[in-house]
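The next block holds one structure in the form of structure tokens; read it before the comments.
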Amino acid sequence: MSEPAVVVGPERARPDAPAPPARAPRRRRVPLGTRLRRDWQLLAMVAPGFGILLVFSYLPIAGNVIAFQDYNPYLGDNPWQAFTHSNWIGFGQFQILFDDPAFWDAFRNTLAITAFQLVFFFPLPIVLAVMLHNLLSSRLRGLVQTIVYLPHFFSWVLVVTFFVAMFGGAGLLAQTMRDAGMQPWNVMTDPDTFIVLVTAEAVWKDVGWGTIVFLAALSTIDQSLYEAAAADGAGRWRRLWHITLPGLRPVIVLLLILRLGDALSVGFEQFLLQRDAVGRQAAEVLDTFVYHFSIATGNYGYGAAAGLFKAVVGLVLILAANRVAHLLGERGIYAKS
């Protein structure tokens, strides 16, 4: 007995034809009121942090407008009257800024210190995190972490004081050299080695704290990968190169992009405390430049122009670094949908 014929046409399909893929149902949008009632505990928890971020990070952005004014805070009884009575000069502040040799000295110092610390400071938390991760004893790992985290909570005044006591003209190093019949070397007042000094201070203070993110990334790597590699005969260095570093690569790229975006902010207190000891030519960075040439003199429009320039350069560096990360196959700080 023959099978019944199957009518093929726009209304009937062959029984052996693949079914069209099912369309995913559209998610119904939850009303805003419902979401607020559902998530009010989480919103209340993040509200203080959001308020601090809004007041101290986003609202001050509006103050950049005085970079285009000859702003005089004494023209009115309040900042709003001073703003409305100050003359608009367009890009006049930027022209004065770019013609100032002191600004370019601070700019070059900032870039040099940033580049030096990217090479000699940025990799150290990665190395320390890998070493701590490979410690067999959890108690020893906890002890070492506590010791290396502690300097992060010291103020820069205390850090600089410690280095003066160790490497200053009357410090331990100079006294030891005198006892040995050698000419003492005051590291704290030598402008030629200042870039090494500030990097060493930053390493001692923050290298331990910088390992936290990398230790968290290391804990997400599947341990079975190490076991399989060891079973295949891979040594410690091959496991490090082929498993550990690829697992850390997304975090390294992300933090490197963020560091480049903050490249022109190498610090304020650290350099302000040591500027007089080594001289302006070696220790002046953009943050101290804004303080000495703007805030201390009352020329707020000039400082706003320098700060706006620094922000624009940081934004360009972030976008460029994120674009390079996309070309290398990494997500970066954001990815196109």
Side-chain angles (χ1 to χ4, degrees), residues 111-154 159 195-263 265-267 314 316-337:
L111 288 182
I113 293 171
T114 297
F116 191 86
Q117 292 186 354
L118 279 178
V119 175
F120 296 100
F121 179 25
F122 184 80
L124 293 182
I126 305 173
V127 175
L128 182 58
V130 172
M131 294 173 61
L132 290 174
H133 183 71
N134 290 331
L135 286 178
L136 298 179
S137 173
S138 58
R139 296 183 62 182
L140 179 60
R141 184 188 304 120
L143 176 63
V144 174
Q145 285 180 274
T146 302
I147 294 174
V148 298
Y149 289 173
L150 185 61
H152 173 76
F153 300 98
F154 296 162
V159 172
I195 189 172
V196 179
L197 173 65
V198 295
T199 303
E201 293 170 350
V203 167
W204 184 73
K205 187 177 189 296
D206 289 326
V207 69
W209 188 256
T211 62
I212 293 177
V213 176
F214 297 108
L215 285 172
L218 286 170
S219 65
T220 63
I221 300 177
D222 190 357
Q223 295 299 313
S224 62
L225 297 176
Y226 292 102
E227 297 172 0
D232 290 339
R236 177 174 298 178
W237 290 107
R238 292 185 67 85
R239 295 198 299 268
L240 173 66
W241 183 259
H242 294 286
I243 299 176
T244 304
L245 292 182
L248 288 176
R249 187 172 64 181
V251 178
I252 293 174
V253 171
L254 175 62
L255 294 182
L256 182 60
I257 292 174
L258 295 177
R259 181 66 189 93
L260 288 176
D262 204 31
S265 298
V266 292
V316 171
L317 289 175
I318 282 184
L319 296 177
N322 197 70
R323 177 61 178 169
V324 173
H326 290 169
L327 294 177
L328 296 177
E330 297 294 337
R331 179 179 177 86
I333 57 175
Y334 67 88
K336 295 181 179 179
S337 58

Quiz item: Of the non-hydrogen atoms in P246 and W241, which two are nearest, and what is the gap between them?
Solution: CD-O, 3.2 Å

Quiz item: Rounded to the nearest 0.5 Å, what separation is found between the CG atom of L255 and the CD1 atom of I126?
Solution: 8.0 Å

Self-check item: For P125, the option from V148, D206, V207, V130 that meets side chain to side chain contact (heavy atoms under 4.5 Å, CB included)
Solution: V207

Exercise. Measure from the side-chain N and O atoms of R239 to the backbone N and O of H242, and report whether any donor-acceptor pair falls under 3.5 Å.
Key: no

Self-check item: H133 side, atom NE2; L240 side, atom CG - distance, nearest 0.5 Å
Solution: 10.5 Å

Self-check item: Minimum-distance pair of heavy atoms, taken over all atoms of A217 and V251
Solution: CB-CG2, 3.7 Å

Quiz item: Who passes salt bridge (charged side-chain N to carboxylate O under 4.0 Å, His left out) against E330, sequence neighbours left out?
Solution: R249

Quiz item: Residues two or more places apart in sequence or in another chain: which of them pass ring pair (Phe, Tyr, Trp, His ring centres under 6.0 Å) with H152?
Solution: W209

Practice problem: Please round to the nearest 0.5 Å and tell me the distance separating atom CD1 of I221 and atom CD1 of I243. | Solution: 8.0 Å

Practice problem: List the atom of Y149, the atom of I212, and the distance in Å for their closest heavy-atom pair. | Solution: OH-CG1, 3.5 Å

Exercise. Mind listing the closest non-hydrogen atom pair of L248 and F214 along with its distance?
Key: CD2-O, 3.7 Å

Quiz item: What's the shortest heavy-atom distance between R141 and L132, and which atoms?
Solution: NE-O, 2.9 Å

Quiz item: What are the two closest heavy atoms between L218 and A129, and how far apart are they?
Solution: CD1-O, 3.6 Å

Practice problem: Working to the nearest 0.5 Å, report the span between CG of D262 and CD1 of I318. | Solution: 8.0 Å

Quiz item: How long is the gap from CZ on F122 to CD1 on I252, to the nearest 0.5 Å?
Solution: 6.5 Å

Extract all donor-acceptor atom pairs below 3.5 Å that involve side chains of residues 111-118 and protein atoms in other chains or at least two apart in sequence.
residue	atom	partner	partner atom	Å
T114	OG1	T110	O	2.9
T114	OG1	A263	O	2.5

Quiz item: Any donor and acceptor pair, going by atom type alone, linking the side chain of D222 with main-chain N or O of S224 inside 3.5 Å?
Solution: yes

Practice problem: For residues V144 and M131, determine if any side-chain heavy atom of one lies less than 4.5 Å from a side-chain heavy atom of the other. | Solution: no

Quiz item: If you measure from CD on Q145 to CG on L128, what distance do you get to the nearest 0.5 Å?
Solution: 8.5 Å

